[in-house]
Amino acid sequence: MAVNSPLADLEAKDRKRFYSITLGFMLVAATALIGRTIGDALFLEAFSADDLAYMYPATAATVCAVAYGYARLASRLPLARLVSILSLLLALASVCLRFALMVPDTNIPRIAAYVLGDLVVNLPMLLFWSFAAHCFVPGQAKRLFGLVGAGGTTACILAGFIIKPYTVAFGKANLLLLITVLMVCFAALISRTSRRDGIGRQAPNATGNDSSIGSMSSLLGNTQIRAIVALMLASTVALTLVDYQFKAGAKEYTDDLAGFFGLFYGVASAVSLVIQLFIVHRVLQKGGVFAGLAVLPAALVLTSATAWVTQSFDWTVANKFAVQIFAFTIDSAALQMLYLGVARQTRSQARALAEGIGKPVATGVTGLCLILGASTSALYQLAAVATIVSVVWVVLTRINHNAYIKALVDSLGNKRFDASGETSEIQDVALERHIRDSLESASEEEIVYLLGILPTLDQVDWSDKYREMLTKKDPRIKIASLSYLKTHGGDQDLPGIVSLLNHQDAKVREGAIDAIDAL
């Protein structure tokens, strides 16, 4: 195995756990894609596009109720058991729904299929990441979760391309049985991994309240949290409008809905995999959080405006395609970084407020507006609304980035910045620029603190700064600089390091010898 492989320094048991977790995410991702496809197809075959608007408030209410139930159960059951039980319940619901579809002269099972589709998109993902968060220490998670995500995207590609031949051979309703099999396998995998590695088997702490919503007024008193909530509301409205246009247009322009949706999601997943592997890191490294957050809304401004002007279903498809390839790659990675500016003790409450409350509320309200004012004849007018909302989204992206940088800068100034326990990478050119400027004017005591932070910022070469720090008087600064240059320096650093071999501090001399030996 290559030395620079993310798996190179893993012990055998950790490597085995990584393979199990990756397979688990592949099962969950494939289930989500198939569930969304069959839910949309069965519903739209029996109902009009106008009826589709009613499903957004319905699914938002259902997801909120399930999330509340999950939170209650999570305080009572060991995590692994909870994941297995809920996965098996989803599998059972899929089987029951398959038999319900055999009942003649009723469309209620098709409504249930749409709701179930939303549940298998959201609940298994929540279950998986809740379990996966306990499987690796932060440093490992930062390196490995990207590979786990790539495995899930690969599973979506495979699932998307098998849907059409599967439905031809067995019928689209039997995709529900495929969901059943995937959920049973996921439950079995989590149970086996839990028993083998002892993860998620402990009873939860009934007194813990880390994941509670907390005081709403207290949370909204924080400038950055308010900005994140506003961003989540605007983005959800825009994405809901795009989703409605795509599904309503598909109802009008194609007869083979399951095949169309499966092929679309399969192709989008293939493009997403390329972006995930080769583009996400470069965008975040060069443009930081702002670039990562702005890509999707900027793309929607272009595609929505063009769909409005041309009134072409092809541009409606392009609109949804932009969502599929950017939302779960660049946008998702940037959003995870955005939360790093929130104090760790309130981060879970901020997520619960923005994503657990704000997102479903925005979905439901948008659905109600569609019920009151939308029809298929006005489909492309909705593209104009989506364009305006996406412009607001871009503006909120800049506001969020400014609040994010200010929060990190404040934590640096108060010496509270600590990225050692983070599972998301920290890459932002604005923060990097601020630290470089700070090093120029900082006192030696402040430099000691800042040098301890630099290695925790990902994808940044600090060799030039550490090279400068070798001339500082404080031995702690020299030792930190030698430690960094030992692994990141080059031949040009040897003269400066050699000059420290006669330093009066024994630890500096020892660090110089180690660095020379390594270089």
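As the structure is a prediction and not an experimental result, all values here were calculated from the model. Heavy-atom basis, side chains included; hydrogens, waters and symmetry copies ignored.
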Engineer: Between Lys478 and Leu470 (side chain of the first, backbone of the second, donor and acceptor by atom type, cut-off under 3.5 Å), is there such a pair?
Structural biologist: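 It does hold such a pair.
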Engineer: What orientation do Phe25 and Phe128 show, parallel under 30°, tilted 30 to 60°, or perpendicular over 60°?
Structural biologist: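 Ring orientation, 0 to 90° scale: tilted.
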Engineer: Tell me, with the steps shown, if Leu454 and Tyr484 meet side-chain contact (heavy atoms from CB on, under 4.5 Å).
Structural biologist: CA-CA 10 Å; Leu454 301 192; Tyr484 185 90; 5.8 Å; no
Engineer: Check Lys406 with Asp410, please: is the shortest side-chain N to carboxylate O separation under 4.0 Å?
Structural biologist: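 Salt bridge flag = yes for Lys406 with Asp410.
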Engineer: Indicate the atoms forming the closest heavy-atom contact of Gly341 with Ala407, along with that distance.
Structural biologist: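 For Gly341 versus Ala407, the nearest heavy atoms are O-CB, 3.3 Å.
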Engineer: Tabulate below the donor-acceptor pairs under 3.5 Å that side-chain atoms of residues 225-239 make, not counting sequence neighbours, or state none.
Structural biologist:
residue	atom	partner	partner atom	Å
Arg226	NH1	Leu220	O	2.9
Arg226	NH1	Gly221	O	3.3
Ser235	OG	Leu231	O	3.0
Ser235	OG	Met232	O	3.1
Thr236	OG1	Met232	O	2.7

Engineer: Inspect the contact between Lys13 and Asp197 and indicate whether a charged nitrogen and a carboxylate oxygen are less than 4.0 angstrom apart.
Structural biologist: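 Salt bridge flag = no for Lys13 with Asp197.
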Engineer: Would Ser130 and Tyr70 count as having a side-chain donor-acceptor pair, cut-off 3.5 Å?
Structural biologist: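 On atom types as modelled, these side chains qualify, holding a pair under 3.5 Å.
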Engineer: Are Lys465 and Glu468 within salt-bridge range, i.e. N to O under 4.0 Å?
Structural biologist: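 So Lys465 pairs with Glu468 through a salt bridge.
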Engineer: What's the separation between atom CG in Leu88 and atom CD1 in Ile85, rounded to the nearest 0.5 Å?
Structural biologist: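 Taking CG in Leu88 and CD1 in Ile85, the distance rounds to 8.0 Å.
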Engineer: For Arg196, does the CZ atom sit with more than 12 other heavy atoms under 6.0 Å from it, leaving out its own atoms?
Structural biologist: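 Count over threshold, so yes.
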Engineer: Let me confirm one number: the CD1-CG distance from Ile199 to Leu79, rounded to the nearest 0.5 Å.
Structural biologist: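 Answer rounded to 0.5 Å: 10.0 Å.
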Engineer: Apply the side-chain contact (heavy atoms from CB on, under 4.5 Å) test between Ile38 and each candidate in Leu116, Leu33, Leu97, Ile179; give the one that qualifies.
Structural biologist: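 With Ile38 as partner, Leu116, Leu33, Leu97, Ile179 yield a single side-chain contact (heavy atoms from CB on, under 4.5 Å), made by Ile179.
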Engineer: Would you please indicate yes or no on a ring centroid separation below 6.0 angstrom for Tyr404 and Tyr339?
Structural biologist: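 No, the ring of Tyr339 stays outside the 6.0 Å limit from the ring of Tyr404, centre to centre.
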Engineer: Roughly how far, to the nearest 0.5 Å, is CG of Leu439 from CG of Leu450?
Structural biologist: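 Leu450 atom CG to Leu439 atom CG measures 5.0 Å (nearest 0.5 Å).
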Engineer: Kindly determine whether Tyr466 and Asp493 satisfy side chain to side chain donor-acceptor pair (under 3.5 Å), including the steps that lead there.
Structural biologist: CA-CA 10 Å; Tyr466 279 100; Asp493 298 310; over 6 Å; no
Engineer: Ring centroids only, cut at 6.0 angstrom: are Phe246 and Phe261 within range, meaning strictly under it?
Structural biologist: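 Centroid distance Phe246-Phe261: below 6.0 Å, so yes.
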Engineer: Would you call Arg17 and Glu11 a salt bridge, taking side-chain N to carboxylate O under 4.0 Å as the test?
Structural biologist: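 Looking at Glu11 together with Arg17, the answer is no, because their closest N to O distance does not fall below 4.0 Å.
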Engineer: Taking the six-membered ring of Phe290 as reference, does the NZ or CZ atom of Arg398 fall below 6.0 Å from its centre and within a 45° cone about the axis?
Structural biologist: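 Yes, Arg398 and Phe290 form such a contact.
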Engineer: Just jot down the side chain to side chain donor-acceptor pair (under 3.5 Å) partners of Glu444, sequence neighbours excluded, or say none.
Structural biologist: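 Testing Glu444 for side chain to side chain donor-acceptor pair (under 3.5 Å), a comparison that skips the adjacent residues, returns none.
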Engineer: When you measure from the side chain of Ser87 to the backbone N and O of Met183, does any donor-acceptor pair fall under 3.5 Å?
Structural biologist: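 Looks like no, no N/O pair under 3.5 Å.
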Engineer: Between Thr329 and Gln276, is there a side-chain donor-acceptor contact under 3.5 Å, judged purely by atom types and distance?
Structural biologist: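 There is no such pair (donor and acceptor under 3.5 Å, judged by atom type) between the side chains of Gln276 and Thr329.
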Engineer: Less than 4.0 Å between a side-chain N and a carboxylate O, is that true for Glu355 and Lys359?
Structural biologist: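 The answer is no: the pair does not qualify as a salt bridge.
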Engineer: Under the 6.0 Å and 45° cation-pi test, does Arg36 pair with Tyr114?
Structural biologist: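 Satisfied, under 6.0 Å and within 45°.
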